[in-house]
Amino acid sequence: MNVSNRPDINQLLLNMRDIKSQVQAPSQSPAALDVADGISRPGLNVQDTTPAFGELFNRAIDNVNGLQQNASALSSAYARGDESVDITDVMIASEKSRVGFQATVQVRNKVIEAYQDIMNMPI
């Protein structure tokens with residue numbers, strides 16, 4: 001069993017925290033407030049580097065897809081009798097894939113629920 005090619009749990013947690021911080025609304029600087037209130041300031045160049053929700057969701061879907069493909073490849077290799085693939089690697093990859101998929105489905109469900117709540121609001 002080769003431990004070096006497994007992702008580190010701390011690295012996964014750092015990635016999740018990074019995505020969480022990107023999703024959360026950043027505090028607005030005074031320059032951003034000037035742009036937000038519609039006042040044009042000469043020479044003001046404010047760029048929003050926060051990725052859009054759709055972009056983050058697409059990244060998450062791509063990540064889950066990669067996890068599923070990895071789990072499938074490891075499972076197939078183990079079924080073929082590849083001695084370099086350990087059953088624990090297969091089970092860990094399968095569980096990561098399952099958890100990632102469930103998390104993505106939950107986010108999708110919350111987005112749909114929020115959309116329905118907004119659509120049902122009286123004007």
Can you tell me how far OG of Ser94 sits from CD of Gln68, rounded to the nearest 0.5 angstrom? 10.0 Å

Shortest non-hydrogen contact from Leu74 to Asp89? CD1-O, 3.8 Å

Quick one: pull up OG1 in Thr104 and CG in Asn65 and give me the separation to the nearest 0.5 Å. 10.5 Å

In this structure, CD of Gln106 is separated from CD of Glu113 (nearest 0.5 Å) by 10.0 Å

Single-linkage hydrophobic cluster Val107~Ile61, side-chain heavy atoms < 4.5 angstrom: yes

Value for CG (Asp62) from CG (Leu67), rounded to nearest 0.5 Å, stands at 11.0 Å

Which residues share a side chain to side chain contact (heavy atoms under 4.5 Å, CB included) with Glu95, sequence neighbours left out: Arg98, Val99

Check whether any side-chain N or O of Asn120 sits under 3.5 Å from a backbone N or O of Gln116 as a donor-acceptor pair, and report yes or no. yes

Please report the interatomic distance CG(Asp86) to CE(Met91), rounded to the nearest 0.5 Å. 11.5 Å

Does Arg108 form a side chain to side chain contact (heavy atoms under 4.5 Å, CB included) with Ile112? I'd like the steps, not just the answer. CA-CA 6 Å; Arg108 182 209 59 177; Ile112 290 172; 4.0 Å; yes

Tell me, please, which residues at least two apart from Phe57 pass ring pair (Phe, Tyr, Trp, His ring centres under 6.0 Å). Phe53

Between Asn63 and Arg59, is any pair of side-chain heavy atoms under 4.5 Å apart? no

Closest non-hydrogen atom pair between Val90 and Tyr78, with its separation: CG2-CB, 3.7 Å

Heavy atoms only: give me the nearest Val64-Gly100 pair and the separation to one decimal. CG2-O, 3.4 Å

